[in-house]
There are 2 protein chains.
Amino acid sequence: MGVHGFERHDHARCVGSALDTAERFCAENKLKLTPARRRVLEILLSEHKAMGAYDILAILAAEGVGSQPPVVYRALDFLVGHGFVHKIERLNSYIACAHPGATHSPAFMICRACHHVVETPAQVSSGLDGAAADIGFAIEARVVEAEGLCPNCQSPDAVAR
Amino acid sequence: MGVHGFERHDHARCVGSALDTAERFCAENKLKLTPARRRVLEILLSEHKAMGAYDILAILAAEGVGSQPPVVYRALDFLVGHGFVHKIERLNSYIACAHPGATHSPAFMICRACHHVVETPAQVSSGLDGAAADIGFAIEARVVEAEGLCPNCQSPDAVAR
DNA sequence: AACTGAAATGTTATTCTGTATCAAGTCTTG
DNA sequence: CAAGACTTGATACAGAATAACATTTCAGTT
């Protein structure tokens with residue numbers, strides 16, 4: 001059992017599915033999903049939450065894989081660069097992409113109470129694009145994040161969730 | 001001389017003006033613009049760019065003021081909390097508000113070449129608000145940043161700018 | 001004027017995040 | 001197989017932020 005969005009769901013299989021998608025994408029685009037990269041993606045998919053680089057590093061270290069910061073940062077650079085993983089700037093942490101395949105400019109909702117992070121499927125940056133066009137700014141990357149309370153944490157009795 | 005937006009401008013006087021605005025706002029709202037807070041704001045206004053906390057700290061230290069990290073982080077917390085300064089999450093740095101007074105959810109354009117940061121006057125987060133409303137998420141804070149090339153840095157000969 | 005509670009400072013230390021650097025291996029492509 | 005590009009290993013360091021504690025300042029109250 002896990003949590004997807006702010007609702008429950010059985011996500012045992014979506015990990016494998018997402019890994020398969022990544023494998024396929026890399027094969028098609030001559031990218032190398034090396035063991036370290038694959039393992040980091042797998043960890044992020046399994047945990048299904050935003051994780052700090054050092055949280056991931058701790059897991060790698062426990063498995064005897066390379067346990068120095070550059071190992072995980074290099075893997076994250078690759079995964080973020082190709083859209084398999086997103087960085088949540090507000091939290092200095094990383095989360096597996098919830099909508100792989102789709103070319104998107106993701107937006108995130110971060111609950112400050114339960115710390116769940118949801119990637120919105122919606123395209124929300126049109127206003128930003130317009131403002132950039134107005135001044136001739138060429139956008140290459142977007143950061144769109146909202147922090148607040150998720151539906152579950154807005155009720156007064158939602159403390160121990 | 002300085003740079004405002006992505007155009008040149010003489011901004012000698014806008015520093016004083018912005019400081020006055022802050023003074024007035026604090027007086028009206030019973031907030032204390034203490035020397036350390038005022039000095040940090042002044043530095044950010046003068047430099048007129050995004051600065052890391054430790055850049056600011058170095059300046060404070062050179063002046064003999066308190067030179068430990070908490071000094072600058074406390075000042076920044078105050079200034080960010082009341083909207084005098086914004087944090088650029090993408091850069092882990094801070095910039096003086098370019099539109100003081102206006103209640104806004106700021107958005108930023110970050111040039112990866114010349115490192116200038118522009119705060120857009122436009123309200124760009126309506127799409128995000130809509131997506132949040134759809135799922136019942138209560139937004140308390142927004143992060144909207146775009147990274148790319150400013151007009152000046154898009155031409156091939158704009159290297160040494 | 002003295003008392004009190006809240007806010008602001010001073011200080012030391014520590015933790016978390018991320019990069020620079022250089023040496024060594026691997027892969028692939030002509 | 002040689003050259004170049006990419007990936008890894010490893011050490012060290014730089015940069016960002018907070019914890020925890022004692023001390024001081026200050027506005028409002030008695």
Starting at the 5' end of nucleotides 14-20 of chain C, put B wherever the base has a protein heavy atom under 4.0 Å, S where only the sugar-phosphate does, and a dash everywhere else.
---BBBB
Qualifying side-chain hydrogen bond (donor to acceptor under 3.5 Å, both in side chains) pairs, either residue in residues 132-141 of chain A, two or more places apart:
Glu140(A)-Arg112(B)
If I compare all heavy atoms of Arg142(A) with all of Ser105(A), which pair ends up nearest, and what's the gap?
NH1-OG, 3.2 Å
Contact pattern, 5' to 3', of nucleotides 24-30 of chain C - B, S or - by protein heavy atom under 4.0 Å:
---S---
Over all heavy atoms of both residues, which pair between Ile88(B) and Val117(B) is shortest? Give the atoms and the distance, please.
CD1-CG1, 4.0 Å
Non-hydrogen atoms of Glu119(A) and Pro106(A) that approach each other most closely:
OE2-CB, 3.5 Å
Through what angle, rounded to 10 degrees, does the axis of the helix from dA1(C)-dT30(D) to dG30(C)-dC1(D) turn between its ends, using five pairs per end?
30°
Donor-acceptor pairs are to be reported for all side-chain atoms of residues 65-80 of chain A against protein atoms at under 3.5 Å, with residues two or more places apart or in another chain.
none

Under 3.5 Å, which donor-acceptor pairs do the side chains of residues 51-61 of chain B form with other protein atoms, sequence neighbours left out?
residue	atom	partner	partner atom	Å
Asp55(B)	OD2	Gly52(B)	N	3.0

Holding to side-chain hydrogen bond (donor to acceptor under 3.5 Å, both in side chains), I want the full list of residues that pass it with Glu89(B), two or more places apart in sequence or in another chain.
none
May I ask you to list the residues sharing a hydrophobic cluster with Val143(B), side-chain cutoff 4.5 Å, ordered by chain and number?
Val143(A)
Residue pairs meeting side-chain hydrogen bond (donor to acceptor under 3.5 Å, both in side chains), one or both in residues 27-39 of chain A, sequence neighbours left out, come to Glu23(A)-Arg38(A), Arg39(A)-Glu42(A), Arg39(A)-Glu63(A)
For a 4.0 angstrom threshold against heavy atoms of chain B, report the outermost contacting nucleotides of DNA chain D in 5' to 3' order.
dA16(D) to dA20(D)
Ring pair (Phe, Tyr, Trp, His ring centres under 6.0 Å) partners for Phe108(A), two or more places apart
His86(A)
For Ala146(A) and Leu128(B) the tightest heavy-atom approach is CB-CD2, 3.9 Å
Could you tell me the separation between the CZ atom of Arg37(B) and the C1' atom of dA8(C), rounded to a whole number of Å?
7 Å
Any ring-ring contact (aromatic ring centres under 6.0 Å, His included) pairs touching residues 20-42 of chain B, not counting sequence neighbours?
Phe25(B)-Phe84(B)
